Amino acid sequence: MAFRPLGDRVLVKRVEEEEKTKGGIIIPDTAKEKPQEGEVISVGPGARDEAGKVQPLDVKAGDRILFGKWSGTEVKLDGKDLLIMKESDILGVLEA
């Protein structure tokens, strides 16, 4: 199934956290917090300003981002857990 976000919305896949700590302790699923890091899957065309002009988004598919703990709406597409959020919910882009 293809999904195209509208406006300034972004489709994000969470990045899985490590199963172990650096010291080798295995973290059970019940103790894990949901990661606040993800990869942008697709982006909408952008929001319209007061003049009706479309302002393109600063993020693009493939970008690695950080977002707030309670950001976005969780959805399940093709069996994958994804998030849909506004670009304003994104805190920043991670660059290598």
Side-chain angles (χ1 to χ4, degrees):
M1 172 187 314
F3 179 82
R4 182 177 51 93
L6 298 177
D8 64 341
R9 288 183 177 76
V10 179
L11 184 64
V12 176
K13 179 178 93 177
R14 284 187 198 267
V15 174
E16 294 301 318
E17 284 190 342
E18 293 293 319
E19 298 287 320
K20 291 183 184 179
T21 64
K22 290 180 182 177
I25 299 171
I26 297 173
I27 304 168
D29 287 339
T30 55
K32 286 185 201 170
E33 287 192 22
K34 290 185 179 177
Q36 293 173 271
E37 186 178 328
E39 180 184 345
V40 176
I41 304 298
S42 63
V43 299
R48 293 194 182 271
D49 62 13
E50 284 113 26
K53 234 173 145 179
V54 174
Q55 296 294 323
L57 303 181
D58 290 330
V59 295
K60 62 188 178 313
D63 282 351
R64 193 99 171 211
I65 60 165
L66 291 177
F67 49 87
K69 190 176 243 182
W70 309 110
S71 298
T73 301
E74 294 182 356
V75 295
K76 193 169 212 134
L77 294 173
D78 291 336
K80 297 177 189 166
D81 291 324
L82 303 170
L83 286 168
I84 299 172
M85 65 181 67
K86 288 186 163 272
E87 184 186 36
S88 59
D89 290 339
I90 297 172
L91 303 174
V93 178
L94 295 169
E95 297 176 352

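Here, residue 1 is the first one in the sequence, and each next residue gets the next number. Because the structure is a prediction, the values reported are computed rather than measured.
In terms of the side chain to side chain donor-acceptor pair (under 3.5 Å) criterion, residue partners of Gln55 (sequence neighbours excluded) are, by chain and number, Asp49. The side chain to side chain donor-acceptor pair (under 3.5 Å) test applied to Asp63 returns Lys60, not counting sequence neighbours. Annotation: salt bridge (Lys or Arg N to Asp or Glu O under 4.0 Å) contacts of Lys76 (sequence neighbours excluded): Asp81. For Glu50, there are no side-chain contact (heavy atoms from CB on, under 4.5 Å) partners, not counting sequence neighbours. With sequence neighbours excluded, the residues forming a side-chain contact (heavy atoms from CB on, under 4.5 Å) with Arg48 are Val54, listed by chain and number.
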List the atom pairs, with distances to 0.1 Å, where a side-chain N or O of residues 82-96 and a protein N or O form a donor-acceptor pair under 3.5 Å, not counting sequence neighbours.
| from | atom 1 | to | atom 2 | distance (Å) |
| --- | --- | --- | --- | --- |
| Lys86 | NZ | Asp8 | OD1 | 3.3 |
| Glu87 | OE2 | Asp58 | N | 2.6 |

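The minimum heavy-atom distance linking Glu37 with Phe67 is given by the pair C-CE2, 3.7 Å. Shortest non-hydrogen contact noted between Pro5 and Ser42 is CD-OG, 3.3 Å. The shortest non-hydrogen separation linking Val12 to Gly38 is CG1-CA, 3.9 Å.
How far CZ of Arg14 is from CD of Gln36: 8.0 Å, rounded to the nearest 0.5 Å.
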